[in-house]
A.B. asks: 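Structure provided below as structure tokens; questions to follow.
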Amino acid sequence: NNQNDDGKWIWIIDLRSLGKSNTPPLNIMKLFVEIFTQHYPERLYKAFICNAPIIFRGLWAILSPFIDPVTKTKIVFVPDIGSAKGQKLLAQHIKDSSLLDTQLGGDFTWELESYLQWVNQFATEKNSNTTPTSVSTPTHSAQQ
């Protein structure tokens with residue numbers, strides 16, 4: 001979040017391909033929530049739930065009355081992330097377009113090869129007991 005650069009997180013969760021065969025078990029989802037609420041409280045700025053299937057929205061309607069009102073304001077449903085309306089909604093919260101993927105209307109191009117090289121270098125240095133702080137994070141390219 002480049003608005004105040006306070007370490008808050010913006011999550012973009014695309015549920016387009018979510019189905020019965022690839023939905024995590026309930027205990028894994030519960031563990032995920034517990035880890036983030038116990039170890040990273042108040043770090044979430046916004047969570048964009050994109051392309052959520054109807055069943056997900058139904059579950060949200062049932063569960064949302066039990067969710068803290070402040071937390072509920074941080075969750076935004078975006079029916080079609082690929083649409084101009086969806087991209088405009090994201091742009092309202094992510095002012096620096098170089099941080100947003102080109103598929104979402106930004107200028108960021110994620111490069112798998114660069115990322116894999118970074119992971120390999122990090123793992124190699126960590127395994128050789130050297131300080132991994134010498135590994136710089138992977139770069140991305142912003143389209144001009």
A.B. asks: Should Ser98 and Asp107 be marked as a side-chain hydrogen bond (donor to acceptor under 3.5 Å, both in side chains) after you check the CA-CA gap, both sets of side-chain angles, and the distance that decides it?
C.D. replies: CA-CA 5 Å; Ser98 73; Asp107 298 321; over 6 Å; no
A.B. asks: Got Leu100 and Phe108 here, is their nearest side-chain heavy-atom distance under 4.5 Å?
C.D. replies: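 No. Closest side-chain heavy atoms not under 4.5 Å.
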A.B. asks: Return the minimal non-hydrogen interatomic distance between Ala52 and Phe56, and the atom names on each side.
C.D. replies: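 Heavy-atom minimum between the residues: CB-CD2, 3.8 Å.
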A.B. asks: Looking at CD1 of Ile10 and CG of Leu90, how far apart are the two atoms once the value is rounded to the nearest 0.5 Å?
C.D. replies: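 Separation between the atoms: 8.5 Å.
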A.B. asks: Taking NZ in Lys72 as the centre, count heavy atoms belonging to other residues, nucleotides or ligands within less than 6.0 Å. Is the count above 12?
C.D. replies: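 Counting neighbours around NZ of Lys72, more than 12 heavy atoms of other residues, nucleotides or ligands fall under 6.0 Å, so yes.
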A.B. asks: Going through the checks in order, is the side-chain contact (heavy atoms from CB on, under 4.5 Å) test met by Val76 and Ile49?
C.D. replies: CA-CA 6 Å; Val76 179; Ile49 310 294; over 6 Å; no
A.B. asks: Indicate yes or no for a side-chain donor-acceptor contact from Lys74 to the backbone of Glu42 under 3.5 Å, with no hydrogens or angles considered.
C.D. replies: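 Such a contact is absent between Lys74 side chain and Glu42 backbone.
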A.B. asks: Parallel, tilted or perpendicular: which one describes the rings of Phe122 and Trp118, with boundaries at 30° and 60°?
C.D. replies: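 It falls in the parallel class, under 30°.
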A.B. asks: To the nearest 0.5 angstrom, please state how far the CD1 atom of Ile12 sits from the NE2 atom of His93.
C.D. replies: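 The NE2 atom of His93 is 10.5 Å from CD1 of Ile12, to the nearest 0.5 Å.
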A.B. asks: How long is the straight-line distance from CD1 of Ile81 back to CD1 of Ile13, given to the nearest 0.5 Å?
C.D. replies: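 One gets 11.5 Å once the value is rounded to the nearest 0.5 Å.
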A.B. asks: So which of Phe36, Tyr45, Phe48, Tyr40 actually passes ring pair (Phe, Tyr, Trp, His ring centres under 6.0 Å) with Trp11?
C.D. replies: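 Result for ring pair (Phe, Tyr, Trp, His ring centres under 6.0 Å) with Trp11: Phe36.
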A.B. asks: In the structure I gave you, are the side-chain heavy atoms of Cys50 and Leu15 within less than 4.5 Å of one another anywhere?
C.D. replies: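 Cys50 does not reach Leu15 side chain to side chain.
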A.B. asks: Nearest heavy-atom pair of Gly86 and Val78: which atoms, and what distance?
C.D. replies: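 Minimum heavy-atom contact is CA-CG1, 3.6 Å.
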A.B. asks: Who pairs with Leu116 by side-chain contact (heavy atoms from CB on, under 4.5 Å), at least two apart in sequence or on another chain?
C.D. replies: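 So Leu116 forms a side-chain contact (heavy atoms from CB on, under 4.5 Å) with Leu112.
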A.B. asks: Please enumerate all residues that pass side-chain hydrogen bond (donor to acceptor under 3.5 Å, both in side chains) together with Asp80, with sequence neighbours excluded.
C.D. replies: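 Partners of Asp80 by the side-chain hydrogen bond (donor to acceptor under 3.5 Å, both in side chains) criterion come out as none, since no residue qualifies.
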A.B. asks: Looking at residues at least two apart in the chain, or sitting in another chain, which of them share a salt bridge (charged side-chain N to carboxylate O under 4.0 Å, His left out) with Lys46?
C.D. replies: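 Testing Lys46 for salt bridge (charged side-chain N to carboxylate O under 4.0 Å, His left out), a comparison that skips the adjacent residues, returns none.
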A.B. asks: In the structure I gave you, are the side-chain heavy atoms of Leu44 and Thr71 within less than 4.5 Å of one another anywhere?
C.D. replies: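 Side chain of Leu44 against side chain of Thr71, heavy atoms only: no contact under 4.5 Å found.
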